[in-house]
Amino acid sequence: MSVNQSAPPVPPFEQPQPIYPGYHQSSYGGQPGSTALPTHYGAYNGPVPGYQQTPPQGVSRAPPSSGVPPASTASAPCGQAAYGQFSQGDVQNGPSSTVHLQRLPGSQQFGSPLAPVVSQPALLQPYGPPPTSGQVTAQLAGMQISGAVAPVPPPSGLGYGLPTPLASASGSFPNSGPYGSYPQGQALPLSQAQGPPGVLPPQRSAPPLASNFTSPASGGPRMPSMTGPLLPGQDFGGPPVSQPNHVSSTPQALTPGTQITGHPGPLPPMHSPQQPGYQLQQNGSFGPARSPQANYGSPYPATPTFGSQPGPPQPLPPKRLDPDAIPSPQLNELPPQQKTRHRIDPDAIPSPIQVIEDDRNNRGSEPFVTGIRGQVPPLVTTNFLVKDQGNASPRYIRCTSYNIPCTSDMAKQAQVPLAAVIKPLASLPPEEASPYVVDHGESGPLRCNRCKAYMCPFMQFIEGGRRFQCCFCSCINDVPPQYFQHLDHTGKRVDTYDRPELSMGSYEFLATVDYCKNNKIPSPPAFIFMIDVSYNAIRTGLVKLLCEELKSLLDYLPREGGAEESAIRIGFVTYNKVLHFYNVKSSLAQPQMMVVSDVADMFVPLLDGFLVNINESRAVITSLLDQIPEMFSDTRETETVFAPVIQAGMEALKAAECSGKLFIFHTSLPIAEAPGKLKNRDDRKLINTDKEKTLFQPQTGAYQSLAKECVAQGCCVDLFLFPNQYVDVATLSVVPQLTGGSVYKYACFQVENDQERFLSDLRRDVQKVVGFDAVMRVRTSTGIRAVDFFGAFYMSNTTDVELAGLDGDKTVTVEFKHDDRLNEESGALLQCALLYTSCAGQRRLRIHNLALNCCTQLADLYRNCETDTLINYMAKFAYRGVLNSPVKTVRDTLITQCAQILACYRKNCASPSSAGQLILPECMKLLPVYLNCVLKSDILQPGAEVTTDDRAYVRQLVTSMDVAETNVFFYPRLLPLTKSPIENTTEPPAVRASEERLSNGDIYLLENGLNLFLWVGASVQQGVVQSLFNVSSFSQITSGLSVLPILDNPLSNKVRGLIDSLRAQRSRYMKLIVVKQEDKLEMLFKHFLVEDKSLSGGASYVDFLCHMHKEIRQLLS
Ligand SMILES: [Zn+2]
């Protein structure tokens, strides 16, 4: 975060802000688009009877009439117009995108060449028939996956010659054109729908069909019959996903063993009649009419053509499968040899890579303008800029859905959690302006008298501007005289665009003394470095490394705005089983040490000279940092204390009457006699028992009480752990967790291997901007309220999230529930207010506002969901659940909820179709794959190599992750390095996280935000090996290598550059591990190939999808 210090207070707001061009080109100036608050707030902006005639005064700009939201805004692309259309009673859902099924070629590549997978039968296993055997498989017969709604109207000019608007708006068959003859929602006669196994009635349309389908003659919608049972020797393929703008492949015919990829071109069109064994066109029923069974060959000769005009067979329907369908032949229809070959084509099921790519292509080029209520932002994986026009940027708030059901009944029916992931101090890219700081002087920020909401763009001014109605609680408030301003004819204040709090989604207020603890302006915060100097810390070289680093790092303490030096004071403590405080007062020639051995009753032995300014005391501090490693170099002390260390730091801050942060560097289980003493209670036998939860719970309540004291003092704790064995992370991380701090863990730390990672994390951690002594409150408009919170904080009541410290990486996830009916017209509003002390000691309020739509149709909910956010919420919910429930219960809950969400969609939003289809809402088509990753994560299904500490560590990390972090954490990025031309230095397109995607002639990077692997295929070219590793053959590469040699050749430069760039994108340094194919380290790497079956028993993506389908069918039957 960078708090914009220099932003002028309100009145000077007149000057154009360089960083925010256009800010001042308010709509008064008739500049369309850039500023106008959208029409959606019409309710608030509406003219007030009797007052609207008051002409705005003192405005020398264009007449207020031009302030009417410009048409360009009103017609914003995804805006209401689109919703309006959607809501026209269409059952279906949008330009659907269908998940398509493509054969994974052995010979051709999907994106990247595959490893000679075919030659390694073992690799294929995960995709074999679900191990659950016949039952699940049978369920799958005919299973189809379809992404249904695409919330974004399809770009025009797609190349289907059909009128697109309808298609896009309704997501169903266009009512005209070749599809016109299919009334929406028309159900197939059961006999047909359930006819031949695998026959699927066309369900919602997929406008984005290949262009071949646009010709009316080509037979219209995919004929279910196309998905008919496989004939011996046939295989399935299908057209690619019908993303609205997907230039889809030509329909393709598959011959036995042929596998097609999503490549549009090269394959022969399906209608090539010469396909052996495919008796598609026999009865010519592939006319425009829907005749699912028509073209079944002999097995179903009598199937009625169902109203089809036995049209001219000419433009033979492409021989293709229903794009909505995952064809899956029934086993009993297949000859024996087919049965064994049967599997679901992994390319046929929704691909995270494809969804990410599509979103990048569709939404990465235009800025995301926040003026429109309820807009779903681009995915977190897309690079985009944000223009704040009245709603908080998605960098600050992301929601599980941007359209909330009006009633709690609807919400319960859908089971879609309503949650917002809020990152109040998120840092922004340099192109985006930090929130403006507004100073209302002594009167402080203007608030609603009743609900205390802060002034924001949604407040409605009435009575000529003398009063305003609160948008959260409807209370009518007087406008203080100094804040009075006239309204224009639309009821909007004429100074709207001069005031961030009236026109922007995010801004800050300077807080008055009323907002300070004890009504006292806070002192600047302090940092205290607390270093374990026991035997282990000295022996590993940690203490020496750390002290050396601090000498220079302390010049980079966070400072505000243009401040010359940081206001933060610093202090030092070392400890083993006793504590040593240091007096580093600038007037001293040498630092002085004071030992406190009474750890049971911790006190701070000195006040003056403990917390100092780095510049003033530099010489003494340097001397201290030089001496510490020496002083303890001969130590034999192996025991440590821990709680007294935190206590001491907290007491020191209390004595100095300031907030601050403790940086604790700790190596071992604190077994010395002292408060907070711990015992080794690690017991892996508890895994999968009812007592497993105890492994995640702290072993003593002492740390919770301590944390509570810390929060009261605004004392945030960051913990760096360097354990050689079990240290009970679950207990040690309690205080960091409850104080908004961070935990870092470097197991078996060795300077030579781990210093880069540690120092990089330390530098970032020390330098990052932090808000101290913070309180966050989320207010909502009538009808919903915040009911649950997830993250690193403390709550002493049900509404206030207390954070001793909050940095720009931390998020708070908030869940909402209905307490009344919502209104479609007024929508729902959120306001997150964070009161905090800046690193210069200034008390501020950061406000984020977000308006959401409300719906009475479930389809609108499903059309405006964000799966990445949903997964963030569900993971946090589950990871908290393991504290109280058996892991299996938690997993079952997740699966059930997911099935309910999808079943509700199926029942209420999807067009009728055979039960054999799995229909997924477009916005949630990745829900199963991502949820499976959560289910098989180390917390919910640990592998044998995962330690109890690892699990506790990851559990608390995920608790504060933002949506981008959970996304890559659960579904790692796998990047092929030698596929793209060497001179192409942009990040290569990722491939799916599955062993099947690895080619043994290639090299890949895999990262998940915490881990980074470089996987080297066994057949990789010798030149590549030489260029990257400087050895002559694969066998000479050192397995487990963590640093690539710096070689001056294009490949080496490119790969090392890419590694640096990946690291720069993450909040923690990822240590590299080089893994060779077939090497034992490969097991570790394979753990991250999350689409595959995991060693710990986690299902493969395909199997999980089958399972999910079964669950959904059970719910529906
Ligand atoms: Zn209010």
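Indexing begins at 1, ligand by ligand and atom by atom, following the structure's order. In what follows, every heavy atom counts, from backbone to side chain, and hydrogens, waters and symmetry copies are set aside.
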(request) Answer yes when Asp478 and Arg466 have at least one side-chain N-carboxylate O distance shorter than 4.0 Å, and no when they do not. (result) no

Under 3.5 Å side-chain donor-acceptor pair for [X] and [Y]:
| X | Y | value |
| --- | --- | --- |
| Gln482 | His440 | no |
| Glu657 | Ser523 | no |
| Thr813 | Lys876 | yes |

(message) Distance to the ring centre below 6.0 angstrom and angle to the axis at most 45 degrees; does that hold for Arg846 and Tyr454?
(response) no

(request) Provide the protein N, O or S atoms situated under 2.8 Å from the Zn ion (ligand 1); waters are not included. (result) Cys448 SG, Cys451 SG, Cys470 SG, Cys473 SG

(request) Sequence neighbours left out, what passes salt bridge (charged side-chain N to carboxylate O under 4.0 Å, His left out) with Arg843? Give chain and number order. (result) none

